[in-house]
Q: 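First the structure, then my questions, so here it is.
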Amino acid sequence: MIIAGERWRSVAALASALLLAACASQPLPRPEGPMAPLPAPVRPVPAPVLRPPPQPAWPVGPTAWATGFSLQPPQLLDPVRAQRAVAAFRTSCPQLIRRNDSSGLTRPDDWRALCAQAQSLDPAYAPGFFYYGFDWLKVGDGHAFATGYYEPEIEGSRIPQPGYAPVFRTPSDLMRCTRPDGSGGRGRIDPSSGKCSLYYSRAQIEDGALSGKGLEIAWAKDPVELFFVEIQGSGRLRLEDGTVIRIGYAEQNGRDYIAVGKLLRDRAILPQGGAGMQAIKDWIRANPEEGRALMRENLSYIFFRQLNGAGPLGSLGVPLTPQGSVATDPKYVPLGAPIVINRANRPEIDGIWVAQDVGGAIKGPNRFDTFWGAGDQAVAMAGGMSASGEALILVPKGTAARALAQP
């Protein structure tokens, strides 16, 4: 159940007050071993922005360093959310200890001790795990903008039907290559020239560029709903016999993602604040020709894979946790790292999350997409989520100091 308006704010304020009062009077349980006493909750005091040495001895992500980061004092965490985050963090560990970090802030070995501790951690120690085991960083000014996504369920078919839209798997000719102008990225080799060119746009694919290649996983009854499954990155297809096919993000055509809600706002077609997902769907259905043209302005096209077992899977390759996983830009946030969002104007997102996914529209520092799971409540939360707050990135203790100390 979603509580709205002043009633929600009153309940959230009371809950926060009770939590802080409890934490102030009862220290959080601490892991074994000597540790400094847990201080009373304080507002983070901005520290001077730290910059790396001119030529670090190990490779770092240039965008994160150019933005700068500052060390922040850790904060008390809600025990329930901390326990959920530990469970999500634990699922990330097999990937964390062997993958390269695009942000350059961490190395695989940095995570081993924390992952070992998380495997057998008493749930009561979850807040202390994050409090004591991590450096808390603010990237740039730390001003966060967060949206939401969910796992939708739409009607589908195993065989083509009139009006249905194909759900494609990744084409074999989609690759990373360098185009004649020197730009690189996803593209294809043009058979006529033998050179790398842009991959097919959404309009070209919808007009049949991939027809006859046997790439169809299934067909979606409603092309508008499939369009929004692409935006979410994963979903479920419920077939005529009641069985469900779970699909997840596999690849993207390399074309620019254009937010159709922003286009409608900029053109004053929707009222201010009326660019939520359902409002956009309603407008597209009420204006079918203009709606189809609008969707084609988003050149980005998503290819899927069929998923088996737990899911949906994020870009880290592990199942996402409802209200625990978040999509980020891995150039700034290590995939698998915990993230704390606080002082948001939507208190539902305040708390700790784990970076386990990426998204075509999730670019830059402090840009987040929160995952809410499946079902009507998840749809309601994610569809209308647009929030600002402060973001803090958690990396293994000592990581930042080591990076700055490089000659």
Side-chain angles (χ1 to χ4, degrees), residues 88 91 95 148-174 186 199-200 202 205-253 257 277-278 280-281 284-285 292 295 298 300-325 327 356-361 369 371-383:
T91 66
Q95 300 296 328
Y149 69 114
Y150 65 101
E151 186 182 22
E153 182 173 295
I154 63 176
E155 294 183 66
S157 173
R158 282 286 192 187
I159 58 175
Q161 305 275 4
Y164 282 44
V167 180
F168 287 124
R169 61 176 55 88
T170 304
S172 60
D173 62 346
L174 176 63
R186 296 176 181 89
Y199 203 75
Y200 300 117
R202 173 176 297 278
I205 292 172
E206 289 180 352
D207 287 340
L210 299 180
S211 296
K213 297 181 182 293
L215 297 172
E216 296 87 354
I217 296 174
W219 283 261
K221 182 177 182 179
D222 187 340
V224 176
E225 293 292 347
L226 178 60
F227 179 82
F228 283 89
V229 170
E230 286 190 51
I231 293 175
Q232 300 301 318
S234 63
R236 306 177 188 185
L237 296 171
R238 182 167 294 279
L239 308 182
E240 299 96 327
D241 62 1
T243 60
V244 172
I245 300 174
R246 186 174 237 156
I247 55 174
Y249 174 96
E251 255 296 356
Q252 189 254 6
N253 64 344
Y257 173 85
M277 180 180 60
Q278 191 57 51
I280 298 171
K281 287 182 182 180
I284 291 173
R285 291 196 172 100
R292 185 166 181 259
M295 290 189 292
N298 176 22
S300 172
Y301 191 93
I302 301 301
F303 300 105
F304 292 97
R305 55 177 169 155
Q306 186 169 340
L307 301 177
N308 298 309
L313 299 180
S315 297
L316 194 57
V318 300
L320 299 179
T321 300
Q323 301 183 50
S325 299
Q356 294 179 310
D357 207 0
V358 302
D369 204 17
F371 178 66
W372 295 89
D376 292 342
Q377 185 173 5
V379 172
M381 289 297 298

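Every heavy atom of this structure was used, including side-chain atoms; hydrogens, water molecules and symmetry mates were not.
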Q: When you measure from the side chain of Q356 to the backbone of L316, do you find a donor-acceptor pair of N or O atoms at a distance under 3.5 Å?
A: no

Q: Which atom names give the shortest non-hydrogen contact between G233 and F304, and what distance separates them?
A: O-CE2, 3.9 Å

Q: Under 4.5 Å between any side-chain heavy atoms of F371 and T321, yes or no?
A: no

Q: Roughly how far, to the nearest 0.5 Å, is the CD1 atom of I247 from the CG atom of L226?
A: 6.5 Å

Q: Quick one: CE on M381 to CH2 on W372, what's the gap to the nearest 0.5 Å?
A: 3.5 Å

Q: Could you tell me whether the side chains of D357 and Y149 share a donor-acceptor contact shorter than 3.5 Å?
A: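 Note: D357 and Y149 side chains meet the donor-acceptor criterion.
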
Q: Is it true that a side-chain atom of E230 and a backbone atom of I302 form a donor plus acceptor pair closer than 3.5 Å?
A: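 Here the side-chain-to-backbone pair exists.
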
Q: Please confirm whether the backbone N or O of V318 pairs with a side-chain atom of Q95, one donor and one acceptor, at under 3.5 Å?
A: no

Q: Which donor-acceptor pairs under 3.5 Å do side chains of residues 236-243 form with protein atoms, sequence neighbours excluded?
A:
from : atom 1 : to   : atom 2 : distance (Å)
R236 : NE     : E151 : OE1    : 3.3
R236 : NH2    : E151 : OE1    : 3.3
R238 : NE     : E153 : OE2    : 2.7
R238 : NH1    : G242 : O      : 2.9
R238 : NH2    : E153 : OE2    : 3.3
E240 : OE2    : S157 : OG     : 2.9
D241 : OD1    : T243 : N      : 3.0
D241 : OD1    : T243 : OG1    : 2.7

Q: Can you tell me how far the CG atom of L210 sits from the CG atom of D173, to the nearest 0.5 Å?
A: 7.0 Å

Q: Using a 4.5 Å cut-off on heavy atoms from C-beta on, say whether the side chain of R285 contacts that of D222.
A: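 Yes, at least one pair of side-chain atoms sits under 4.5 Å.
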
Q: State, with a plain yes or no, whether a side-chain heavy atom of P166 is found less than 4.5 Å away from one of W219.
A: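 Yes; the side chains approach each other to less than 4.5 Å.
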
Q: Which heavy-atom pair separates A220 from I154 by the least distance, and what is that distance?
A: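 Of all heavy-atom pairs spanning A220 and I154, the closest is CB-CD1, 3.9 Å.
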
Q: Inspect the surroundings of CD in E155 and state if more than 12 heavy atoms from other residues, nucleotides or ligands are less than 6.0 Å away.
A: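 Not buried by this count: 12 neighbours or fewer within 6.0 Å.
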
Q: Are any of the side-chain nitrogens in E251 or R305 under 4.0 Å away from the carboxylate oxygens of its partner?
A: no

Q: Classify the angle between the aromatic ring planes of Y301 and F168 as parallel (below 30°), tilted (30 to 60°) or perpendicular (above 60°).
A: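 The rings of Y301 and F168 sit tilted, inter-plane angle from 30° to 60°.
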
Q: Does any non-hydrogen side-chain atom of Y199 lie less than 4.5 Å from one of P171?
A: yes

Q: I want to check something: taking the side chain as every heavy atom from C-beta on, are E225 and K281 in contact at a cut-off of under 4.5 Å?
A: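 The answer is yes, as the side chains (C-beta and beyond) meet within the 4.5 Å cut-off.
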
Q: What heavy-atom pair brings I245 and A218 nearest, and what distance separates the two atoms?
A: CD1-CB, 4.2 Å

Q: Closest approach of D369 and G148, non-hydrogen atoms and distance?
A: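 Heavy-atom minimum between the residues: OD1-N, 3.1 Å.
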
Q: Taking C-beta and beyond as the side chain, do V379 and Q278 meet within less than 4.5 Å on heavy atoms?
A: no

Q: Less than 4.5 Å apart, side chain to side chain, heavy atoms only: is that true for Y164 and I159?
A: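 Side-chain contact under 4.5 Å: no.
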
Q: Restricting to non-hydrogen atoms, name the atom on L320 and the atom on P322 that form the minimum distance, rounded to 0.1 Å.
A: O-CD, 3.7 Å

Q: Within the 4.5 Å heavy-atom criterion, are F303 and L215 side-chain neighbours or not?
A: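 Not in contact.
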
Q: So which atom in P312 and which in S234 form the shortest heavy-atom distance, rounded to 0.1 Å?
A: CB-OG, 3.4 Å

Q: Taking atom OG1 of T170 and atom CD of Q252, what is their separation to the nearest 0.5 Å?
A: 11.0 Å

